[in-house]
There are 2 protein chains.
Amino acid sequence: MDKPKVGRIRERNSQQIIQAAQEEFVLHGFKGTSMQSIADRAGLPKANIHYYFKNKENLYNAVLEDIIEDWNVVLSDMDENSDPKEVLTNFIRNKMQLSYKKPKASKIFAMEIIQGAPHIKEYISKELRIWVKERVQIMQSWIDQGKMRAVDPMHLIFMIWATTQHYADFNTQILEVMNRREYDDEEIERITEFLTTMILNGLDIQ
Amino acid sequence: MDKPKVGRIRERNSQQIIQAAQEEFVLHGFKGTSMQSIADRAGLPKANIHYYFKNKENLYNAVLEDIIEDWNVVLSDMDENSDPKEVLTNFIRNKMQLSYKKPKASKIFAMEIIQGAPHIKEYISKELRIWVKERVQIMQSWIDQGKMRAVDPMHLIFMIWATTQHYADFNTQILEVMNRREYDDEEIERITEFLTTMILNGLDIQ
DNA sequence: GTCTATATTGAGATAGAC
DNA sequence: GTCTATCTCAATATAGAC
C-alpha cells in the first residue's frame with residue numbers, strides 16, 4: 001500500500017487501451033485505424049490515449065509486444081533426447097489452442113508480417129531466427145537417431161505454424177465455408193487430432 | 001480498326017492502375033492506402049484514378065476480382081475416378097506456383113479475409129463454399145473406395161491452402177528466418193516436394 | 001491524471017479548363 | 001480523355017483548463 005494507486009490505474013487503463021487497440025487494428029490495419037476509434041472503443045477521450053502512449057506508433061508496438069509475449073509461452077521444451085511424438089503433439093496442440101483463444105492476436109501478427117513486418121523485422125531476424133535454428137538442430141538429431149523420417153526440419157516448423165495459424169487468421173473463410181457461426185471445443189479438438197495425425201503420419205512416427 | 005482506340009487505352013490504363021493499386025494495398029491495407037499513393041505509383045494524376053474507377057471501393061473490388069480470376073485457374077479437374085495422388089500432387093504444385101508467382105495477390109486476399117472479408121463475404125459463402133463442397137464429396141468417395149486414409153476432406157483442403165499460401169503471405173518471415181533474400185525455382189521445388197510427400201504420406205497414399 | 005478545444009495536415013472526391 | 005485547383009471532412013497530435 002506504500003505505492004501510489006497511480007501505478008495501478010495506469011496499468012489498468014493501459015491494458016484497456018491495448019485491448020481496444022487490438023480490436024481496431026484487426027479490423028482496419030495499422031494505418032487504417034484511427035486513434036479516435038480506439039478511444040471510442042476504450043470509452044476514453046482521444047487525448048488520454050495520447051497521454052498514455054504518446055503516439056499511434058508506440059501504441060501499436062505495445063500491442064505487438066503483448067502478442068509476442070503470449071507467443072513465447074507456446075514454445076515447449078525439447079532436446080535431443082525428447083520423444084518427437086510427444087513434443088510435436090504438444091507443439092501442435094498448444095499453437096492450436098492459442099489460435100482458438102486469441103485469434104485477434106494471431107491476426108494482427110499475420111497482417112504485420114504480410115505487410116513486410118516493418119515493426120518487427122528485428123524480432124524476426126534475431127529472436128525468432130535463433131529459436132528456429134535451435135529447434136532445427138534438435139530435430140535434425142532426431143532424424144540422425146532414426147526417430148523420424150528425414151525431412152527439412154525448418155519446413156516442418158513452417159508447416160505447423162501455417163496449419164495452426166490458418167484456423168485463427170482465416171477463421172472468417174473457414175467458418176463461412178463450414179457454414180458455422182463459431183468454433184467450439186469439440187471442433188478444435190477434431191482439428192488438432194487431424195493435424196497431429198497427418199503430420200506424425202507424414203513423418204513416419206507411430 | 002473500326003473500334004476506337006479509346007477502348008485499348010482504357011484497358012491499358014485500367015490494368016496499370018490496378019497493378020499500382022495492388023502494390024499499395026499490400027503495403028498499407030485497404031483503409032491505409034491513399035488514392036494519391038496509387039496515382040503516384042501509376043504515374044498519373046489522382047483525378048484520373050477517380051475517372052477510371054469512380055472511388056476507392058470500386059478500385060479495390062477490381063483488384064480483388066483480378067485476384068480471384070487467377071485463383072480459379074488453379075482448381076484442377078477431378079472426379080470419383082481420379083487418382084488421388086495425381087490430383088493432390090497437381091493441386092499442391094499449382095497452388096505453390098501461384099504463391100511463388102503472385103505473392104502480392106495472395107497477400108491482399110489474405111488481408112481481406114483476416115479483416116473479416118467485408119468485400120468478398122458473398123464470394124466465400126457462395127462460389128467458394130460450393131467449390132469446397134463438391135471437392136469434399138469427391139474426396140469422400142475416394143475414401144469410401146479405399147484410395148486414401150479416412151480423414152475429413154474439408155480439413156485436408158484447408159491444410160493445402162494453409163501450407164501453400166503460407167509461403168506467399170509470410171514470405172518476409174520465412175526468408176528472414178532462412179536468411180535468404182528471395183525464393184528461387186530450386187527452393188520452391190524442394191518445398192513442393194516436401195509438402196507433397198508429407199501430405200500423401202499422411203494420407204497413406206503411396 | 002483527465003478532458004475540451006483546436007492547430008495542422010492529409011484524405012477522398014469533384015469541378016471545370018484544356 | 002487528361003489534369004489543375006479546390007472543396008470538405010477526418011486524421012494525428014497537442015495546448016491548456018480542470
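Just so it is clear: chains get the letters A, B, ... in the order the sequence lines come, proteins before strands, and each one is counted from 1. Small disclaimer: the values here were computed from a predicted structure and weren't measured.
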J.: Check whether any side-chain nitrogen or oxygen of A:Tyr51 sits under 4.0 Å from OP1 or OP2 of D:dT14, and answer yes or no.
T.: no

J.: Can you tell me the distance, in whole Å, between the CD atom of B:Glu57 and the P atom of C:dG12?
T.: 12 Å

J.: Flag the pair B:Glu176 and A:Lys126 as a salt bridge only when some basic side-chain nitrogen lies within less than 4.0 angstrom of an acidic carboxylate oxygen.
T.: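 No, B:Glu176 and A:Lys126 are not salt-bridged.
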
J.: Could you tell me how far apart B:Ile17 (CD1) and D:dT2 (C1') are, to the nearest whole angstrom?
T.: 12 Å

J.: Using the ring of B:Tyr51 (Phe, Tyr or Trp, six-membered ring only), decide whether B:Arg10 places NZ or CZ under 6.0 Å from its centre and within 45 degrees of its axis.
T.: yes

J.: Kindly point out which of D:dT12, D:dC3, C:dG12 is positioned nearest to the side chain of B:Leu44?
T.: D:dC3

J.: Have a look at B:Phe53 and say if it touches a base, only the backbone sugar-phosphate, or nothing, with a 4.0 Å heavy-atom cut-off.
T.: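 No contact.
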
J.: Just checking B:Thr33: base, sugar-phosphate only, or nothing, at a heavy-atom cut-off of under 4.0 Å?
T.: sugar-phosphate

J.: Going by the angle between their ring planes, with limits at 30° and 60°, are A:Phe25 and A:Phe30 parallel, tilted or perpendicular?
T.: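 Plane angle between 30° and 60°, so tilted.
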
J.: Can you see if the side chain of B:His50 gets near the phosphate of C:dT14 - specifically, an N or O under 4.0 Å from OP1 or OP2?
T.: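 Checking B:His50 against C:dT14: no side-chain N or O falls below 4.0 Å of OP1 or OP2.
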
J.: Let me spell it out: for each of A:Asn48 and B:Lys54, pick the nucleotide of DNA chain C with the closest heavy atom. Which residue's pick is nearer the 5' end?
T.: A:Asn48

J.: Both A:Lys31 and A:Ala47 contact DNA chain C. Taking the nearest nucleotide for each, which residue is further toward the 5' end?
T.: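 Looking at DNA chain C, the more 5' nearest nucleotide goes with A:Ala47.
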
J.: Is a salt bridge present between A:Glu189 and A:Arg93, judged by a nitrogen-to-oxygen distance below 4.0 Å?
T.: yes

J.: Separation of A:Asp40 atom CG from D:dA10 atom P, in whole Å?
T.: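 Taking CG of A:Asp40 and P of D:dA10, I get 13 Å after rounding.
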
J.: Tell me whether the rings of B:His166 and A:Phe158 are parallel (<30°), tilted (30 to 60°) or perpendicular (>60°).
T.: tilted

J.: Nearest whole angstrom, please: distance from the C1' of C:dA7 to the NZ of A:Lys46.
T.: 11 Å

J.: Rounded to whole angstroms, how far apart are CG on A:Asn55 and C1' on C:dT9?
T.: 16 Å

J.: Once you round it to whole Å, what is the distance between C1' of C:dA11 and NE2 of B:His28?
T.: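 The distance from NE2 of B:His28 to C1' of C:dA11 comes to 14 Å, rounded to the nearest Å.
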
J.: Given D:dA11, C:dT2, C:dG12, which nucleotide is nearest the side-chain atoms of B:Ser34?
T.: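 Of the options given, the side chain of B:Ser34 lies nearest C:dG12.
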
J.: I need the OH-P distance between B:Tyr60 and C:dA13, as an integer number of Å.
T.: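 Distance, rounded to whole Å: 15 Å.
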
J.: Nearest-Å distance, CE (B:Met35) to P (D:dT8)?
T.: 20 Å

